[in-house]
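Numbers here simply count residues along the sequence, with the first being 1. The basis for the numbers below is simple: all heavy atoms, side chains too, and nothing from hydrogens, waters or symmetry mates.
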Amino acid sequence: KKLAWSEGRFVPFPLNTETLNTIYDQHLMGANETAAFLAKIAEPCGPGGCSNSEQQSVASVGRAAYNQFYRGYTLKQWGVDPS
């Protein structure tokens, strides 16, 4: 099990149900509950699809997970703003 330090605490990474339970203060159990929750928090891209990595990530894992894990990594690793 890998842990990432994020916002003053260790959380499971890569993202999984336990990670979502931690960062969104949920009690999800199983794939169906996790999928339903992700569908609820996702911000879908428009009819033309996603135009950048920020939109794709937020459409997949929601804004909070994107901000905690993907935005900073993209900036640090690639030196580009994901939006």
Q) Could you go step by step and tell me if L28 and E18 meet the side chain to side chain contact (heavy atoms under 4.5 Å, CB included) rule? A) CA-CA 8 Å; L28 305 169; E18 187 178 351; over 6 Å; no

Q. Passes salt bridge (Lys or Arg N to Asp or Glu O under 4.0 Å), E43 versus R63? Steps please.
A. CA-CA 8 Å; E43 296 176 20; R63 178 76 48 193; 3.0 Å; yes

Q: Flag the pair S6 / F69 as yes when at least one side-chain heavy-atom distance between them is below 4.5 Å, and no otherwise.
A: yes

(Q) With a 4.5 Å cut-off on side-chain heavy atoms, are Q68 and I23 touching? (A) yes

Q | Shortest non-hydrogen contact between T22 and P12, atoms and distance | A | OG1-CD, 4.4 Å

Q.
So P82 and L75, do their side chains get closer than 4.5 Å, heavy atoms only?
A. yes

Show me the side-chain donor-acceptor pairs of residues 33-40 shorter than 3.5 Å, one per line, residues at least two apart or across chains.
residue	atom	partner	partner atom	Å
E33	OE1	M29	N	2.8
T34	OG1	T17	OG1	2.7
T34	OG1	G30	O	2.9

Q. Once the angle between the rings of W5 and F10 is folded into 0 to 90°, is it parallel (under 30°), tilted (30 to 60°) or perpendicular (over 60°)?
A. perpendicular

Q) Between Q55 and S51, is a side-chain hydrogen bond (donor to acceptor under 3.5 Å, both in side chains) present by the stated rule, with each step listed? A) CA-CA 7 Å; Q55 291 175 357; S51 61; 3.0 Å; yes

Q: Would you give the length of the straight line joining atom CD1 of I41 to atom CG of L20, rounded to the nearest 0.5 angstrom?
A: 6.0 Å

Q.
List the residues meeting side chain to side chain contact (heavy atoms under 4.5 Å, CB included) with W78, not counting sequence neighbours, and say none if there are none.
A. Y73, T74, V80

Q: Scan for disulfide (SG to SG under 2.5 Å) pairs involving residues 44-83, sequence neighbours excluded, and state none if there are none.
A: C45-C50

Q.
On a heavy-atom basis, which atom in R71 and which in D81 lie closest, and how many Å separate them?
A. NH1-OD1, 3.3 Å

Q) Are the side chains of T19 and Y24 in touch, meaning some heavy atoms are under 4.5 Å apart? A) no

